[in-house]
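Right, one structure below, let's go through it.
Since the structure is predicted, the reported quantities are computational estimates derived from the model, not experimental observations.
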Amino acid sequence: MTLIKSISGIRGTIGGKAGEALTPLDVVKFTAAFGTWLKRKSPEVLKIVVGRDARLSGDMVSKLVTGTLQSLGFNVIDLGLSTTPTVEMAVPAEKAAGGIILTASHNPIQWNALKLLNATGEFISGSDGEEMLEIAEKEDFDFVDVKKLGAYTQDNTWLQKHIDLILALPLVDVEAIKSKDFKVIVDAVNSTGGIAVPMLLKALGVTQITELHCQPTGHFAHNPEPLPENLTDITKAIEKGKFDLGIVVDPDVDRLCFMCEDGSPFGEEYTLVAVADYILQNQKGNTVSNLSSTRALRDVTEKAGGKYYASAVGEVNVVTLMKSSKAVIGGEGNGGIIYPELHYGRDALVGIALFLTHLAKAGKRISVLRKSYPEYYISKNKIELTVDIDVDGVLEAMKKKYAKNPINAIDGVKIEFEKEWVHLRKSNTEPIIRIYSESDSMTKADNLAKKLISDIKEFVAGK
């Protein structure tokens, strides 16, 4: 059993002993800590928004969370089965103090989590998270008396409001999408994307929709991370039927990937590249992704006359850099689209609307559109070290060894070689260095990773 307490939220497996998994006691403790932190920050705003994905533990966890928040005096607006981006948008619109999304995102069925939002509907910062964890550690909360208990309200209108706001975006062209009469198949892994994605597609004028794993039962039909090896069902369905494209989302609908008309993956890394290409064709500006995302975004951005920026890994870091660089589009290579014209959060729904507009206006099959982008391949590896080895020292040694190359050290060490790169990051919980490398072929990317692994082993052996 696992419980991970981080500055961005609380994540764990259901069942087991308190303090070792996400048990009811832990849910109440960390919800109380977050609510207490919100009250201290803005004591006059006693309103909070809650929503969840469809995983099996969601209803149970939601009852614990909402009851705890009411016991602190908060009026709770419960969106019920919803999406992460929908909750993010609802928080500022409802003028709430913050929000909690009950989802473990792409993690398997036994996991759940509390994702914590501030008053702007964005994930809380590192320093805010540390304050919240300190409150939890000290159990420094004070519950209200019976006459001051908060109210509880259910609101199932927000998915439609979210979709309406997407349709109102100038760069979403419903008529262009409608005119193409796309035949689409959707895999929503039996979570809330099964509600939201078909709703959106119908609103965009798509009439030929095949739903695969779209019943929000919480019984995930496959590993919920939208990687090619987990998407055999939709691949087979596309190969048998005639579809223009496939759409795949994770359980809380903040990650998005597409399948081509021949059943091949468009590539999670290229979701952001394609959407950014469309935005940049219509609006000059800068882009942001994290250090472990494909170089293709930089190529597309510079070709359009913009400037590309790389942030530390993590959505909150991407958002911070997007704001400071005035980026018009950004996100992460895991299929996370952040479009500030709508809100500062990864949003598969706005990604779908922008991508379909792009595809319709390009007048190409999706596989042809994919081939129009620079071809890169990412190799993902790790090297396990013994506990006594100084991982920071290893990273510092690699910086010195490759000092003549462009190096970014804001999050581990990223070393650039012409149009290749390798990114070394240490794990926060294990003596492991994650090694991501990218080149114009998988063989080259693998070889680059092997070279750095050899360098690391040579350094460790010489200590």
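- Between Phe355 and Phe258, the ring centre distance stays below 6.0 Å.
- No side-chain N or O of Asp299 forms a donor-acceptor pair with one of Thr301 less than 3.5 Å apart.
- Checking side-chain atoms of Asn408 against main-chain N and O of Ile410 turns up a donor-acceptor pair under 3.5 Å.
- For the atom pair His358 NE2 and Tyr278 OH, the distance stands at 9.0 Å (nearest 0.5 Å).
- Note that NZ of Lys41 and OG1 of Thr36 are 14.5 Å apart. Values are rounded to the nearest 0.5 Å.
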Might you work through the side-chain contact (heavy atoms from CB on, under 4.5 Å) test for Ile432 and Lys426, ending with a clear yes or no? CA-CA 6 Å; Ile432 285 174; Lys426 68 173 183 176; over 6 Å; no
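- The two residues Ser191 and Pro251 come nearest to each other via the heavy atoms OG-O, 2.8 Å.
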Does Lys115 form a salt bridge (charged side-chain N to carboxylate O under 4.0 Å, His left out) with Asp252? I'd like the steps, not just the answer. CA-CA 11 Å; Lys115 286 188 174 181; Asp252 66 324; 3.2 Å; yes
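- Closest approach of Val49 and Ala90 over heavy atoms only: CG1-CB, 4.2 Å.
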Please walk me through it: do Tyr376 and Asp440 pass side-chain hydrogen bond (donor to acceptor under 3.5 Å, both in side chains)? CA-CA 4 Å; Tyr376 292 109; Asp440 58 9; over 6 Å; no
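- Residues Lys39 and Val144 form a side-chain contact, since some pair of their non-hydrogen atoms from C-beta on lies under 4.5 Å apart.
- Asp244 places a side-chain N or O within donor-acceptor distance of the main-chain N or O of Lys183, the cut-off being under 3.5 Å.
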Would you sort out whether Ser292 and Asn290 count as a side-chain hydrogen bond (donor to acceptor under 3.5 Å, both in side chains), showing the intermediate values? CA-CA 6 Å; Ser292 288; Asn290 68 42; 4.6 Å; no
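- Taken to the nearest 0.5 Å, the CH2 atom of Trp421 stands 7.5 Å off from the OG1 atom of Thr294.
- Here the straight-line distance linking atom CG of Asn156 with atom CG of Leu79 works out to 9.5 Å at 0.5 Å rounding.
- In this structure, the side chains of Pro224 and Ile109 stay at 4.5 Å or more apart for every pair of heavy atoms.
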Could you walk me through whether Arg365 and Leu245 satisfy the side-chain contact (heavy atoms from CB on, under 4.5 Å) test, starting with their C-alpha distance in whole Å, then the side-chain angles of each, then the deciding distance to 0.1 Å, before giving a yes or no? CA-CA 9 Å; Arg365 285 181 301 161; Leu245 73 156; over 6 Å; no
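- A donor-acceptor pair under 3.5 Å links the side-chain atoms of Glu315 to the main chain of Arg346, judged by distance alone.
- A side chain to side chain contact (heavy atoms under 4.5 Å, CB included) with Leu201 holds for exactly one of Thr207, Leu349, Ile163, Ile209; it is Ile209.
- Summarising the geometry of Val249 relative to Val189, their closest heavy-atom pair is O-CG1, 4.1 Å, with the distance given to 0.1 Å.
- The nearest pair of heavy atoms linking Lys284 to Val328 is O-CG1, 3.9 Å.
- In summary, the side chains of Glu261 and Ser367 do present a donor paired with an acceptor at a separation below 3.5 Å, with no hydrogens or angles considered.
- Defined by atom type and a distance below 3.5 Å, a donor-acceptor pair is present between the side-chain atoms of Gln208 and Asp181.
- Within 6.0 Å of CD in Glu137 there are 12 or fewer heavy atoms belonging to other residues, nucleotides or ligands.
- A distance of 8.0 Å separates CZ in Arg55 from OG in Ser105, rounded to the nearest 0.5 Å.
- In summary, the side chains of Asp128 and Ser125 do present a donor paired with an acceptor at a separation below 3.5 Å, with no hydrogens or angles considered.
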Would you sort out whether Thr103 and Arg52 count as a side-chain contact (heavy atoms from CB on, under 4.5 Å), showing the intermediate values? CA-CA 6 Å; Thr103 174; Arg52 67 180 179 92; over 6 Å; no
side-chain contact (heavy atoms from CB on, under 4.5 Å), that's the test. Do Tyr339 and Leu171 meet it? Break it down for me. CA-CA 11 Å; Tyr339 187 45; Leu171 293 185; 3.7 Å; yes
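- Between the side chains of Asn334 and Glu268, not a single donor N or O lies within less than 3.5 Å of an accepting N or O.
- The side chain to side chain contact (heavy atoms under 4.5 Å, CB included) test with His162 is passed by exactly one of Leu342, Leu200, Val253: Leu342.
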Pair Asp26-Thr23, side-chain hydrogen bond (donor to acceptor under 3.5 Å, both in side chains): steps then yes or no: CA-CA 5 Å; Asp26 295 288; Thr23 70; 2.6 Å; yes
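- Panel note: side chain Thr31, backbone Val28; no donor-acceptor pair is recorded below 3.5 Å.
- Checking Asp233 against His213 by side-chain atom types alone, a donor-acceptor pair falls below 3.5 Å.
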Please determine whether salt bridge (charged side-chain N to carboxylate O under 4.0 Å, His left out) holds for the pair Glu175 and Lys178, giving the CA-CA distance in whole Å, both sets of side-chain angles, and the decisive distance to 0.1 Å. CA-CA 5 Å; Glu175 290 307 314; Lys178 195 180 293 184; 3.7 Å; yes
Using side-chain hydrogen bond (donor to acceptor under 3.5 Å, both in side chains), reason through His423 and Asp411 one step at a time and then give a plain yes or no. CA-CA 9 Å; His423 185 201; Asp411 183 11; 4.7 Å; no
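- Side-chain atoms of Asp53 and Thr192 form no donor-acceptor pair, as typed in the model, at a separation below 3.5 Å.
- Around CD of Glu302, the count of heavy atoms belonging to other residues, nucleotides or ligands within 6.0 Å exceeds 12.
- Ser293 and Glu332 are not linked by any side-chain donor-acceptor pair at a separation below 3.5 angstrom, with hydrogens and angles left out of the test.
- Side chains of Thr84 and Asp254: a donor-acceptor N/O pair is absent below 3.5 angstrom, by distance only.
- Judged by distance alone, the side chains of Asn223 and His106 never bring a donor and an acceptor atom under 3.5 Å apart.
- The backbone N or O of Gly331 lies less than 3.5 Å from no partner atom in the side chain of Ser289, so there is not a single donor-acceptor pair.
- Looking at Asn118 and Thr120, their side chains do bring a donor and an acceptor atom within 3.5 Å of each other.
- Between the CD1 atom of Ile337 and the CZ atom of Arg255 there is a distance of 12.0 Å, given to the nearest 0.5 Å.
- The two atoms that bring Ala362 and Leu369 nearest to each other are CB-CD1, 4.5 Å, heavy atoms only.
- No option in Thr68, Thr66, Leu69 other than Leu69 meets the side chain to side chain contact (heavy atoms under 4.5 Å, CB included) test with Phe74.
- Judged by distance alone, the side chains of Tyr308 and Asn286 never bring a donor and an acceptor atom under 3.5 Å apart.
- Of all heavy-atom pairs between Ser42 and Ala97, the closest is OG-CB, 4.0 Å.
- More than 12 heavy atoms of other residues, nucleotides or ligands lie within 6.0 Å of NZ in Lys161, so this atom counts as buried by the packing criterion.
- In summary, the side chains of Asn317 and Ser311 do not present any donor paired with an acceptor at a separation below 3.5 Å, with no hydrogens or angles considered.
- Glu375 has a carboxylate O that lies under 4.0 Å from a charged side-chain N of Arg370, or vice versa, which qualifies the two as a salt bridge.
- Counting non-hydrogen atoms of neighbouring residues, nucleotides and ligands closer than 6.0 angstrom, the NZ atom of Lys303 reaches no more than 12 such neighbours.
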